[in-house]
Amino acid sequence: MLEVDKMLDKGVQYKINKMLMSPMIGCDWEVDTDKQIIQKLIKFVGNNLSYEERTKLSHRILIHSLYVKRYAIDMIERDENLYVPENVEKISTAALFHDIGKLLEVNNIVETYDDKNHAEYSAFIAKIILSKQNKSETDIDEIVNMIKNHSLKGDKCPKDVSPLAKILMDADLLDEKCGVRFFKLCMAKYSDEILLARINAKI
C-alpha cells in the first residue's frame, strides 16, 4: 500500500481517523456511493455552520469535484487507449475525493490546517475510505497517488506522472481557471448530475 500516512503528522492522522470513525456520519462505507459519502461528510463536518456556509462548502468541494469528474471523463473518452471502464471508475473516484481534505479546515478539525497541503489530506482520507470498500490495493494505490499529486501542476508536475494523474490535474485546472466554467457551453451534457447536486445542496 502507498504509505500516504508518512506525509502527515501523527496528531493529524489521529484526528482524521477519529472523525471518520464517528457513527454520527451515518455512512455505510461499502454501500454508499462516493458522492453520498462526500455529502454525509459535508453534513457532519458542517453541522454547526449556517445554511449559507454549508452550501458554500458543498459548492467548494462537491460541485467542483463533480465538474472535475465530468471534465476528466470527457478527456478520457478522447483517448482510445485510456477509455476503458476501469480507468473511468478510477478517475471518477479520484476526482470526487481530490479535495475532500478541505473539510479539515471546518470547525478547526485540524487546528494546523494548511490549504497548501490539502492534496495530502485528501489522499489520506481517500485511502481510509477506499480501504473500507471492495477495491484492490493496486487500484487504491493508483487512486490515492492521483489525489496526492493533483496539485503538482505546471513546473511542479512529476515527469513520471501517469496519464490518468495528468488528466486529473488538467480537469482540476480547467475548473479552477474557467470562472464561467467553459463546459457550461455543453450544459446539456453536464447538467443532470451537477444541477441535481445544486438542488440537493441543502444536505
Side-chain angles (χ1 to χ4, degrees), residues 1-22 24-25 27 29 32-49 53-69 72 90-133 135 139-153 156-158 161 164-165 167-173 175-176 197 201 203:
M1 290 290 285
L2 189 67
E3 296 187 16
V4 293
D5 51 322
K6 289 185 177 179
M7 298 182 297
L8 300 178
D9 174 85
K10 293 292 182 184
V12 172
Q13 292 181 45
Y14 171 78
K15 289 182 179 180
I16 292 173
N17 276 294
K18 182 179 178 182
M19 175 187 76
L20 293 176
M21 286 191 300
S22 173
M24 298 298 291
I25 295 175
C27 276
W29 303 105
D32 289 345
T33 66
D34 294 338
K35 180 180 169 184
Q36 289 172 326
I37 290 172
I38 294 170
Q39 288 175 315
K40 289 178 179 180
L41 285 171
I42 291 172
K43 182 177 181 181
F44 173 74
V45 170
N47 186 48
N48 296 325
L49 299 179
E53 290 172 325
R54 197 163 64 249
T55 299
K56 185 176 179 180
L57 181 66
S58 178
H59 282 235
R60 182 183 176 204
I61 296 175
L62 179 58
I63 301 300
H64 164 65
S65 296
L66 286 170
Y67 271 104
V68 172
K69 172 186 168 185
K90 283 186 280 193
I91 199 73
S92 297
T93 300
L96 286 174
F97 285 122
H98 82 282
D99 273 352
I100 196 68
K102 291 177 182 284
L103 287 175
L104 301 179
E105 184 179 17
V106 181
N107 290 326
N108 290 320
I109 290 177
V110 173
E111 296 87 347
T112 58
Y113 177 85
D114 183 351
D115 198 59
K116 292 180 181 178
N117 298 326
H118 80 272
E120 286 79 10
Y121 298 138
S122 298
F124 185 73
I125 292 172
K127 178 185 173 184
I128 295 173
I129 293 173
L130 297 177
S131 296
K132 297 174 183 290
Q133 301 173 344
K135 295 190 185 296
D139 285 350
I140 292 175
D141 281 354
E142 188 173 357
I143 293 167
V144 169
N145 198 48
M146 280 192 274
I147 295 171
K148 179 175 71 77
N149 290 313
H150 83 267
S151 292
L152 302 178
K153 304 174 181 77
K156 297 179 181 179
C157 181
V161 70
L164 288 182
I167 285 175
L168 180 61
M169 292 176 191
D170 291 344
D172 186 40
L173 188 62
D175 195 52
E176 284 177 0
I203 51 181

*Asks:* To check you understand the geometry: which heavy-atom pair defines the closest contact between Ser122 and His98, and what is its length?
*Replies:*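 Minimum heavy-atom separation between Ser122 and His98: OG-O, 3.0 Å.
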
*Asks:* Does any non-hydrogen side-chain atom of Met146 lie less than 4.5 Å from one of Ile91?
*Replies:*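 Answer yes - side chains close enough.
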
*Asks:* Determine whether Met24 and Asn47 make a side-chain contact, defined as any pair of heavy atoms from C-beta on separated by less than 4.5 Å.
*Replies:*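 Not touching, per the 4.5 Å side-chain cut-off.
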
*Asks:* With the side chain counted from C-beta on, respond yes when Phe44 and Leu20 share a heavy-atom pair under 4.5 Å apart, and no when they do not.
*Replies:*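 Answer no - side chains too far apart.
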
*Asks:* Is a side-chain donor or acceptor of Asn145 paired with a backbone partner of Asp141 at a separation under 3.5 angstrom?
*Replies:*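 No; judged by distance alone, with no hydrogens or angles, the pair does not exist.
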
*Asks:* Nearest 0.5 Å please: distance from the NZ atom of Lys43 over to the CD1 atom of Ile25.
*Replies:*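 Taking NZ in Lys43 and CD1 in Ile25, the distance rounds to 12.5 Å.
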
*Asks:* Please find the pair of heavy atoms, one from Ala126 and one from Phe97, that lie closest to each other, and give the distance.
*Replies:*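 Scanning both residues completely, I find the closest heavy atoms to be CB-CB, 4.2 Å.
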
*Asks:* Do the side chains of Gln13 and Lys10 get nearer than 4.5 Å, heavy atoms only?
*Replies:*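 In contact.
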
*Asks:* Has the side chain of Asp139 got a donor or acceptor atom that lies under 3.5 Å from a matching backbone atom of Lys90?
*Replies:*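 It does not hold such a pair.
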
*Asks:* In plain terms, say whether Arg60 and Asp115 are close enough for a salt bridge, that is, a side-chain N and a carboxylate O under 4.0 Å apart.
*Replies:*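 A salt bridge is present here (some side-chain N lies under 4.0 Å from a carboxylate O).
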
*Asks:* Nearest 0.5 Å please: distance from the CD1 atom of Ile143 over to the CG atom of Leu96.
*Replies:*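 The CD1 atom of Ile143 sits 10.5 Å away from the CG atom of Leu96.
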
*Asks:* With rounding to the nearest 0.5 angstrom, report the CG to CD1 distance, Leu41 to Ile125.
*Replies:*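 That separation rounds to 7.5 Å.
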
*Asks:* Verify, without hydrogens or angle tests, whether His150 (side chain) and Ile147 (backbone) share a donor-acceptor contact under 3.5 angstrom.
*Replies:*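 The answer is yes, because a donor-acceptor pair under 3.5 Å joins these two groups.
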
*Asks:* Heavy atoms, side chains only, cut-off 4.5 Å: are His64 and Asp172 in contact?
*Replies:*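 Yes; the side chains approach each other to less than 4.5 Å.
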
*Asks:* Could you point out which residue of Met19, His118, Lys15 forms a side chain to side chain contact (heavy atoms under 4.5 Å, CB included) with Leu104?
*Replies:*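 So, applying the side chain to side chain contact (heavy atoms under 4.5 Å, CB included) to Leu104 and each of Met19, His118, Lys15, only Met19 qualifies.
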
*Asks:* To the nearest 0.5 Å, what is the distance between CD1 (Ile16) and CD1 (Ile109)?
*Replies:*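 It comes to 9.5 Å.
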
*Asks:* As an exercise, state the distance from CG of Leu103 to OH of Tyr113, rounded to the nearest 0.5 Å.
*Replies:*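 Between atom CG of Leu103 and atom OH of Tyr113 there are 8.5 Å.
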
*Asks:* Is there a donor-acceptor pair closer than 3.5 Å between any side-chain N or O of Glu120 and the backbone N or O of Leu8?
*Replies:*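 Looks like no, no N/O pair under 3.5 Å.
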
*Asks:* Could you grab the distance from atom CD1 of Ile38 to atom CG of Asp32, nearest 0.5 Å is fine?
*Replies:*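 If we round to the nearest 0.5 Å, Ile38:CD1 and Asp32:CG are 11.5 Å apart.
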
*Asks:* Give a yes or no answer on whether the side chain of Ser65 reaches the backbone of Ile61 with a donor-acceptor pair at less than 3.5 Å.
*Replies:*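 Yes: the side chain of Ser65 pairs with the backbone of Ile61.
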
*Asks:* Looking at Leu168 and Ala94, what are the two nearest heavy atoms and their distance?
*Replies:*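 It is CD2-CB, 4.0 Å.
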
